[in-house]
Amino acid sequence: MDSNIVWLNHKVTPEDRAKIKNQKPCMLWLTGLSGSGKSTIANALESYLNQNGFHTVLLDGDNLRFGLNKDLGFSPEDRSENIRRIGEVGKLFVEAGVIVIASLISPFLKDRKMVRELFSENEFIEVYISTPLGVCESRDPKGLYKKARIGEIPNFTGIGSPYEEPVNPEIKIDTNVLDVESAINIIAKLLEKGNYIKL
């Protein structure tokens, strides 16, 4: 890092920003295979929180590749950089007092660990959407598994590239067993129990 760069201490603290929003900010990191239900749950969760008066932002892995991360591919290095950038953006929003919902495959343990370490204790909540590969492939909402199976996508997670399951996530949800409403209830209960929100 350049020695001429100096950190600016802000007069308004993250605690000040959160206080006027009547919530405790956090990063909810939804990880899982393509087709597991991450985006569906993330969208429904943000809608639920918004309707209950909470300040949120949704960081969708695909959407961010249209802008912030449009210069990145899908090599292991680019995937790590994609996750690092989203983690840093999420940290800025948490410091602004916002409840952040990130939805992206994020297949590697080391990358998710790196993001967790950006946050203070209890600010990072890993939500593992643990829907089995066979179920995800049978859904194939974007037709990506089909392309991967015929070699059109060589490094597709779950087929040509591994997905490393979370070891100890705060929440684990299998959408083959639970519907969206049940998933939202599980997440909301954890948020309420941890005083992130008050319903």
Side-chain angles (χ1 to χ4, degrees), residues 27-48 56-90 100-116 124-188 190:
M27 164 66 92
L28 288 151
W29 190 273
L30 278 66
T31 175
L33 293 166
S34 178
S36 62
K38 297 182 304 299
S39 296
T40 301
I41 291 172
N43 259 316
L45 177 61
E46 185 177 37
S47 179
Y48 172 84
T56 62
V57 66
L58 173 55
L59 304 177
D60 179 79
D62 280 356
N63 286 3
L64 287 169
R65 283 184 176 273
F66 283 93
L68 177 69
N69 295 336
K70 66 182 177 181
D71 59 324
L72 299 176
F74 291 91
S75 68
E77 296 77 17
D78 279 2
R79 283 174 181 245
S80 292
E81 176 60 11
N82 179 54
I83 289 162
R84 186 194 70 79
R85 291 183 193 178
I86 294 172
E88 292 285 1
V89 169
V100 184
I101 305 163
S103 170
L104 61 164
I105 294 171
S106 47
F108 303 122
L109 286 167
K110 66 177 180 62
D111 293 332
R112 297 194 302 267
K113 182 176 183 288
M114 171 194 63
V115 174
R116 183 185 286 273
F124 185 88
I125 300 167
E126 188 173 40
V127 182
Y128 175 29
I129 310 302
S130 63
T131 310
L133 173 61
V135 175
C136 296
E137 189 167 359
S138 69
R139 294 173 178 170
D140 204 10
K142 302 171 187 175
L144 300 178
Y145 284 101
K146 184 178 180 181
K147 290 181 179 180
R149 289 293 185 189
I150 61 174
E152 290 184 11
I153 308 176
N155 295 315
F156 190 69
T157 302
I159 306 297
S161 182
Y163 177 83
E164 298 173 356
E165 294 187 12
V167 176
N168 192 26
E170 281 74 15
I171 298 174
K172 186 175 179 179
I173 294 169
D174 180 351
T175 61
N176 191 41
V177 177
L178 298 171
D179 61 16
V180 174
E181 185 177 355
S182 299
I184 300 311
N185 286 338
I186 290 169
I187 298 170
L190 182 140

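We count residues from 1, following the sequence as given.
The side-chain contact (heavy atoms from CB on, under 4.5 Å) check on Asp174 picks up Ser130, Thr131, Pro132, Asn176, Val177, with sequence neighbours excluded. Remark: Phe156 engages Tyr145 in a ring-ring contact (aromatic ring centres under 6.0 Å, His included) (not counting sequence neighbours). The side-chain contact (heavy atoms from CB on, under 4.5 Å) test applied to Glu77 returns Ser75, not counting sequence neighbours. For Ile184, the side-chain contact (heavy atoms from CB on, under 4.5 Å) partners at least two apart in sequence or on another chain are Ile41, Ala44, Leu45, Tyr48, Val180.
Between Ile86 and Ala102, the shortest heavy-atom contact is CG2-CB, 4.5 Å. The nearest pair of heavy atoms linking Ile129 to Ser36 is CG2-O, 3.3 Å. Scanning both residues, Pro107 and Ile83, for their nearest heavy atoms gives CD-CD1, 4.5 Å. In this structure, Ser106 and Thr31 approach most closely via the heavy-atom pair OG-OG1, 3.2 Å. The two residues Phe74 and Arg79 have their closest heavy-atom pair at O-NE, 3.1 Å. Counting all heavy atoms, side chain and backbone alike, Arg112 lies closest to Pro166 at NH2-N, 3.3 Å.
Here the CD-OG distance, from Glu46 to Ser103, works out to 11.0 Å after rounding to the nearest 0.5 Å. Distance CG/Leu104 to CG/Asp60: 8.0 Å, rounded to 0.5 Å. Summarising the geometry, atom CD1 belonging to Ile101 is positioned 10.0 Å from atom CE belonging to Met27; distances are rounded to the nearest 0.5 Å. Between Leu59 atom CG and Leu68 atom CG the span is 9.5 Å, to the nearest 0.5 Å.
Side chains of Ser182 and Asp179: a donor on one and an acceptor on the other come within 3.5 Å.
One N or O on the side chain of Ser80 and one on the backbone of Pro76 form a donor-acceptor pair closer than 3.5 Å. Looking only at distances, a side-chain donor or acceptor of Arg65 sits under 3.5 Å from a matching main-chain atom of Leu72.
Residue pairs meeting the salt bridge (Lys or Arg N to Asp or Glu O under 4.0 Å) criterion with at least one partner in residues 159-172, sequence neighbours excluded, are Arg116-Glu170. Residue pairs meeting the salt bridge (Lys or Arg N to Asp or Glu O under 4.0 Å) criterion with at least one member in residues 133-161, sequence neighbours excluded: Asp62-Lys142, Glu137-Arg149.
One finds a salt bridge joining Asp71 and Arg85 here, because a Lys/Arg side-chain nitrogen approaches an Asp/Glu carboxylate oxygen to under 4.0 Å.
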